[in-house]
Undergrad: 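One structure is given below, represented as structure tokens, and several questions about it will come after.
Note on naming: letters A, B, ... go to the chains in the order of the sequence lines (proteins, then strands), and numbering restarts at 1 for each one. Computed from a prediction, not measured in an experiment: that's the story for all the values here.
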There are 2 protein chains.
Amino acid sequence: MSEMLEEIREKLSSVGLKATQQRMVVYQALMQTMNQHPTAERIFEVVRPHNPTISLGTVYKTLDTFVSNGLAGKVASDAGFMRYDVNMEQHSHIYCTNTQEIIDYHDEGLDELIQQYFQKKNIKNLKISNIHVQINGLKEEPDQDIEIK
Amino acid sequence: MSEMLEEIREKLSSVGLKATQQRMVVYQALMQTMNQHPTAERIFEVVRPHNPTISLGTVYKTLDTFVSNGLAGKVASDAGFMRYDVNMEQHSHIYCTNTQEIIDYHDEGLDELIQQYFQKKNIKNLKISNIHVQINGLKEEPDQDIEIK
DNA sequence: ATCGCTGCAAAGGTTTTGCAACGAG
DNA sequence: CTCGTTGCAAAACCTTTGCAGCGAT
């Protein structure tokens with residue numbers, strides 16, 4: 001079977017976690033639904049059909065385990081529930097007001113620009129760990145993707 | 001008494017809302033605690049002593065009314081509850097990892113810089129409505145304020 | 001064999017809702 | 001007077017917790 005399973009297994013053991021069935025499938029589901037920035041419930045829906053005995057509580061626990069071990073991120077959505085993200089690289093988000101999508105946006109040029117801006121500014125008593133840009137907007141053609149050149 | 005009450009009354013009627021006692025005091029509390037980005041519960045605590053009959057449910061309803069009428073903003077905190085903000089000008093937030101504070105940060109230079117950056121970039125199918133910068137960091141001296149020159 | 005993980009169900013905390021009584025315009 | 005607003009309590013919602021049994025190392 002795919003070497004992806006092996007990769008996940010390694011990822012888990014690299015942070016000292018047992019490679020249980022549940023963790024394997026939750027991690028896979030996170031990867032599959034990465035661009036949806038899924039909720040715990042969503043992961044549960046994805047995983048359940050092929051793993052009928054997994055419980056929602058376990059999904060929550062598993063996701064939190066990933067977060068504490070740096071394998072995933074967790075962000076509060078404005079609708080009041082949590083969304084998870086396996087994309088651990090520095091990146092920003094584009095929120096589509098009309099389609100409700102959250103699109104990952106990685107742009108080194110922008111990151112550098114902002115870093116430099118703050119270096120020039122003289123900020124006392126704040127050690128900046130990271131900066132996150134949230135772009136709100138709407139798709140003019142909801143059915144089509146956003147193109148960035 | 002202060003002309004502030006009159007200002008609030010006007011603000012309410014300008015969006016077509018009745019100036020009830022409860023709305024008046026909730027709005028005042030929002031202003032008083034502006035820099036704390038209060039939760040509904042916090043507003044309730046502030047308001048309750050002087051208004052012993054107001055209920056938490058009313059605070060929630062009132063805050064939501066303000067949000068739908070553009071009188072306040074609502075943001076999900078990473079701890080899983082909502083925080084409210086009467087500062088309706090375009091502004092960014094500094095999150096202090098150690099003190100849990102959320103500090104308003106308004107910087108036209110930064111806003112312009114980012115606007116220009118995106119104008120130069122050629123983005124198709126996205127109409128940007130606004131951009132919000134979230135700066136995460138920690139205070140080196142938790143007891144003292146952050147200074148930005 | 002051990003110790004951590006899972007599943008279940010119950011509890012927790014925040015926010016919403018339904019409805020009768022109230023009050024601002 | 002009228003219709004929107006309030007207060008209360010119950011419900012809804014998402015997430016966490018406790019614990020007995022299970023399973024990965």
Undergrad: Between B:M82 and B:Q22, which has a closest nucleotide on DNA chain C that is more 5'?
TA: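 Mapping each residue to its closest nucleotide by heavy atoms, the 5'-most match is B:M82.
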Undergrad: Send over the distance from B:D64 CG to D:dT5 P, rounded to a whole Å.
TA: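 In whole Å, D:dT5 P and B:D64 CG are 13 Å from each other.
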Undergrad: Just the rounded figure in Å: distance from C1' of D:dC13 to CZ of B:F81.
TA: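 My rounded result for the distance is 17 Å.
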Undergrad: Less than 4.0 Å between a side-chain N and a carboxylate O, is that true for A:D145 and B:K124?
TA: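 Looking at B:K124 and A:D145, the cut-off is not met.
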Undergrad: Within this structure, what is the CD-to-C1' distance between A:Q21 and D:dG23, rounded to whole angstrom?
TA: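 To the nearest whole Å, that distance equals 11 Å.
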Undergrad: Within this structure, what is the CD-to-P distance between A:E41 and D:dT16, rounded to whole angstrom?
TA: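 Answer to the nearest Å: 13 Å.
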Undergrad: Would you mind reading off the distance between B:D78 atom CG and C:dT14 atom P, rounded to a whole angstrom?
TA: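 These atoms are roughly 16 Å apart.
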Undergrad: Is any side-chain N or O of B:T58 closer than 4.0 Å to OP1 or OP2 of D:dG7?
TA: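 Answer yes for this pair, as a side-chain N or O of B:T58 is under 4.0 Å from OP1 or OP2.
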Undergrad: For B:R23 and D:dG4, what is the distance between atoms CZ and C1' respectively, to the nearest whole Å?
TA: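 Rounded to whole Å, this separation is 8 Å.
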Undergrad: For B:K74 and C:dT16, what is the distance between atoms NZ and P respectively, to the nearest whole Å?
TA: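 Taking atom P of C:dT16 as the reference, NZ of B:K74 is at 5 Å.
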Undergrad: Report yes if a donor N or O on one partner sits less than 3.5 Å from an acceptor N or O on the other, where the partners are the side chain of B:K61 and the base of D:dG4; otherwise report no.
TA: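 No such pair is found, so the answer is no.
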Undergrad: Please examine the side chains of A:I128 and B:N136, heavy atoms only from C-beta on, and report whether any two atoms are closer than 4.5 Å.
TA: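 B:N136 does not reach A:I128 side chain to side chain.
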Undergrad: Under a 3.5 Å threshold, yes or no: a donor from one side chain and an acceptor from the other, between B:H91 and B:D107?
TA: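 Their side chains do not contain a donor-acceptor pair, so the 3.5 Å distance test is not met.
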Undergrad: Do A:Y27 and A:T62 have side-chain heavy atoms sitting under 4.5 Å apart?
TA: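 Answer no - side chains too far apart.
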Undergrad: Does a side-chain N or O from A:Y60 land closer than 4.0 Å to OP1 or OP2 of D:dT16, or not?
TA: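 So the side chain of A:Y60 is outside the cut-off, no N or O lying under 4.0 Å from OP1 or OP2 of D:dT16.
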Undergrad: B:T20 side chain: which of C:dT6, D:dT5, C:dT15 is closest?
TA: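 When the side chain of B:T20 is considered, D:dT5 is the closest of C:dT6, D:dT5, C:dT15.
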Undergrad: Just checking A:T39: base, sugar-phosphate only, or nothing, at a heavy-atom cut-off of under 4.0 Å?
TA: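 Contact class for A:T39: none.
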Undergrad: Counting the benzene-type ring for Trp, do A:H93 and A:H37 have ring centres under 6.0 Å apart?
TA: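 Yes, the ring of A:H93 comes within the 6.0 Å limit of the ring of A:H37, centre to centre.
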Undergrad: Round to a whole Å and report the spacing from CZ of B:F44 to P of C:dT16.
TA: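 About 16 Å, once rounded to whole Å.
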Undergrad: If you only use heavy atoms from C-beta on, which nucleotide in D:dG4, D:dG7, D:dT25 is closest to the side chain of A:K18?
TA: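 Nucleotide nearest to A:K18's side chain: D:dT25.
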Undergrad: Assign each of B:L17 and B:G57 to its nearest nucleotide of DNA chain D by heavy atoms, then name whichever residue's nucleotide is nearer the 5' end.
TA: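 Final value for this comparison: B:L17.
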